[in-house]
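In what follows, chains carry the letters A, B, and so on, assigned in the order in which the sequence lines appear, proteins first and then strands, with residues in each chain numbered from 1.
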Amino acid sequence: MSENPLQLLTASRIVVVAGKGGVGKTTVTAVIASAACRMGQRVLAVELDGKPQLAAALADTPGVEVLSLSAADALEEYLRDNGFKRIAKRLNSTGVIDVVSTAAPGIDDIVVLGKIKQLERSGDYDLIVVDGPAAGHAVTFLMAAAGLADAVRGGPVRQQADDVLELLGDPERCQCVLVTLPETTPVNEAIDTAFALEDRVGVQLGPVVVNALDAAALRTDGIADPVQLVQALETAANEGKALENGAVLLDAARFRASRVTVQRNELARLRDELPLPCVTLPQRPSAGLSPADVTALADELLAASTPDDRSER
Amino acid sequence: MTGSLASVVDSAEVVVCCGSGGVGKTTTAAVLGIHAARAGRRVVVVTIDPARRLADALGLDDGLTPEPTRVSLTLDRIGGDTVRGVSDDTVDGATADAVGAKNLDDTATGPGELWAMMLDPAHTFDGLVRSHATDPDQVDRILSNGFYRNIAGALSGTQEYMAAETLHALHHDDRFDLVIVDTPPSRNALDFLEAPGVLTRFLDHRVFKLVMLPTRGGLKVIGAATQPILKAMGRVVGSDVLSDAMAFFQAFAGMEGGFRDRAAEVTELIGSDVTRFVVVASPRTDTVVEATWFAQQLAEYGVEVGAVIVNRAHPPFADAPDDADGAGAANASIDAGLLAAAQTNLAELRAIHDAELEALGPLRAAAGSAPLAIVPLLARDVHDMGGLDELRRSLFS
């Protein structure tokens with residue numbers, strides 16, 4: 001890769017992180033925010049689901065500001081700022097938001113994107129990383145502006161939709177980073193989503209992040225590579241060399257080699273089918289997302305983004 | 001004590017698989033279906049947003065459709081090498097080889113059948129409107145209304161509502177003894193439990209009460225344009241959009257009662273003792289937190305967790321006594337570097353396994369007396385009936 005991964009990931013002021021449930025969107029959002037923060041950027045991380053995980057994941061990176069943005073709050077604020085104070089007040093008590101967003105699907109997405117646009121315009125942040133919706137919804141989320149611009153002919157919402165369309169079409173201001181896992185179905189979905197976003201939204205696509213890659217999948221040198229380890233163990237066994245607990249060691253090596261082969265094949269397929277750079281993040285030995293894991297992954301990302309590369313652009 | 005996973009599934013008429021996204025709910029639903037079909041039952045599996053690979057694995061070349069399609073249980077591509085590689089002692093390699101390429105229908109205990117279908121919420125919603133409408137004109141007015149199309153396609157909770165509705169319809173379909181449904185990914189158990197009420201709750205909003213007056217024939221839309229709140233809404237979303245909404249309420253008048261009664265029936269079935277909830281998770285802290293919360297919500301709602309299934313856990317690789325296969329007589333010593341690499345690999349896999357087991361703690365506690373089954377991560381991705389059947393064997397052995 002000629003350019004460094006962090007620079008590619010943060011090439012726009014707003015980065016929307018998208019991917020199917022379970023692929024680690026929140027992890028990737030936190031890692032990008034943490035790495036950029038440690039490079040001295042003023043970073044805002046935004047989550048949209050009301051999940052506490054993003055703030056928790058960034059507990060060790062106090063420099064990153066975390067904002068929880070709900071459609072209801074964004075709509076209320078938007079209406080208040082646009083001369084609809086009275087209805088904004090009654091919004092939640094009457095459930096108007098459900099009715100409004102059913103009458104004009106996508107309006108909730110538009111006000112959220114509009115709010116993000118406003119934060120970007122404020123100049124308070126160098127980078128805004130958004131823990132985006134799940135893959136299927138990412139397309140609808142980012143499509144909302146185009147759909148609404150067609151449906152609503154005038155008024156403040158139309159203006160908002162036009163502003164959001166302009167934002168999405170400007171690669172300096174906004175890009176979408178897809179997250180996937182090195183497995184068949186997530187890779188299929190990442191490919192489908194990438195093409196859908198390209199064709200139907202026209203938003204700039206940043207690098208694809210392949211999360212939770214077994215670090216051994218990248219080892220190609222000697223017996224650190226599980227596939228070569230299996231071969232060496234089998235050769236040794238054939239030569240009659242003894243190995244304490246050999247059956248278990250061989251089983252474990254074969255299992256690892258098989259998983260690593262799947263991951264390598266999926267990574268190759270992704271690179272083959274999508275004309276986008278890939279950034280890999282290694283699988284952590286822990287079974288979850290701790291602030292320490294985020295810091296460690298951000299370290300990896302920073303290490304892969306050497307100062308020499310950074311001066312290239 | 002609820003007993004084994006098999007007894008939970010075997011005694012159910014409806015199984016609801018729930019959990020957050022990406023934990024393998026759909027695959028689990030298919031595997032439970034294969035188990036029940038092999039046990040001689042006629043099973044239909046309803047999935048939402050199935051991955052292409054699942055349709056492929058089920059041998060459905062044209063993909064899953066909104067109508068139930070019969071699935072062959074034949075293991076056409078099973079091969080020792082393809083599906084082996086898991087050193088989990090729950091997987092009986094000898095059985096896997098013996099089954100070989102045989103048709104499992106031969107070995108099943110009865111005339112079991114497996115059917116699969118994909119949920120199409122908008123299509124299902126249209127069907128509900130047809131069945132509750134009083135005349136064809138009302139059907140036309142509703143189905144062609146833009147606001148209705150938004151409800152059927154985009155109203156939050158509609159997918160869950162239609163999943164519950166489909167489950168009810170299939171439960172009363174004589175072709176099937178067991179309905180297995182995988183719910184839309186959700187953090188919230190109530191999304192599904194309360195789904196049947198989503199439309200009636202929507203209609204109960206005060207904003208509609210402002211514009212609807214009860215009349216002898218049902219509800220009547222009154223002077224919408226005169227209501228300040230609606231005027232304001234019209235300015236926000238456009239007056240065309242708002243008049244569509246008003247036209248929908250006018251057309252819908254008279255049908256609320258039917259929808260309400262049906263929703264009550266569906267809710268009753270979901271809460272009844274023929275229905276079992278299976279919470280699906282993966283062995284990671286984040287999904288365990290979600291699954292645990294899910295189980296607690298079910299309990300608070302008075303619904304028992306039938307079983308918990310944890311997908312894709314790393315196998316344990318326990319120390320086994322050395323045998324001829326691995327060690328044999330020590331006639332030469334192995335290269336120290338090779339030994340170290342093999343031990344490092346084993347240690348890394350065990351560290352992941354241990355971390356996963358530890359992460360499962362809260363979920364075990366939340367499962368209470370319900371069985372908790374762990375499905376091992378296979379050496380290769382599941383891509384055919386052989387792979388699905390290997391999961392079944394590890395789950396039900």
Salt bridge present between [X] and [Y] (N-O < 4.0 angstrom):
X        : Y        : result
A:Glu234 : A:Arg254 : yes
A:Arg158 : A:Asp162 : yes
A:Arg256 : A:Asp251 : no

Next item on the list: Determine, step by step, whether B:Thr28 and B:Asn311 satisfy the side chain to side chain donor-acceptor pair (under 3.5 Å) criterion, reporting the C-alpha distance in whole Å, the side-chain angles of both residues, the deciding distance to 0.1 Å, and the verdict.
Entry: CA-CA 8 Å; B:Thr28 298; B:Asn311 278 324; 2.9 Å; yes
Check: Can you pull out the residues in residues 222-232 of chain A with any heavy atom less than 4.5 Å from chain B?
Finding: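 Answer by number: A:Ile223, A:Leu229, A:Ala232.
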Which bit of [X] comes within less than 4.5 Å of chain A, counting heavy atoms only: side chain, backbone, both or neither?
X        : answer
B:Ala341 : both
B:Asn345 : both
B:Glu290 : side chain

Check: Checking side chain to side chain donor-acceptor pair (under 3.5 Å) for the pair B:Thr47/B:Thr26: CA distance, chi angles, key distance, verdict?
Finding: CA-CA 6 Å; B:Thr47 76; B:Thr26 310; 5.7 Å; no
Notebook entry, point to check: Just checking, any donor-acceptor pair under 3.5 angstrom between side chains of A:Thr26 and A:Gln53?
Noted result: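 Not at all, the side chains of A:Thr26 and A:Gln53 share no donor-acceptor pair under 3.5 Å.
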Next item on the list: Select one option (side chain, backbone, both, neither) describing which atoms of A:Gln160 are under 4.5 Å from chain B's heavy atoms.
Entry: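 When you check distances to chain B, no heavy atom of A:Gln160 falls under 4.5 Å.
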Margin query: I'd like to verify something: which residue of A:Thr185, A:Asp214, A:Val262 has the highest number of heavy-atom pairs under 4.5 Å with chain B?
Written below: A:Thr185
Checklist line | Most chain B-contacting option - heavy-atom pairs closer than 4.5 Å, from A:Ala236, A:Ser290, A:Ser258 | finding: A:Ser258
Note to self: If we check side-chain hydrogen bond (donor to acceptor under 3.5 Å, both in side chains) with B:Glu356, which of these qualifies: B:His314, B:Arg284, B:Arg312?
What the structure shows: B:His314
Next item on the list: Heavy atoms only, distances under 4.5 angstrom: which of B:Gly337, B:Ala342, B:Ala359 has the most pairs with chain A? Name it, please.
Entry: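 That would be B:Ala342.
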Check: Any idea which of B:Asp335, B:Ile151, B:Leu338 has the most non-hydrogen atom pairs under 4.5 angstrom with chain A?
Finding: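 Top count of heavy-atom pairs under 4.5 Å with chain A: B:Leu338.
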Check: With distance as the sole test, does A:Asp131 use its side chain to make a donor-acceptor pair with the main-chain N or O of A:Thr29 at under 3.5 Å?
Finding: no
Check: Between B:Tyr161 and B:Phe125, is the ring centre distance below 6.0 Å?
Finding: yes
Notebook entry, point to check: Among all residues two or more places apart in sequence or in another chain, which pass the ring pair (Phe, Tyr, Trp, His ring centres under 6.0 Å) test with A:Tyr78?
Noted result: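 Applying ring pair (Phe, Tyr, Trp, His ring centres under 6.0 Å) to A:Tyr78 gives none.
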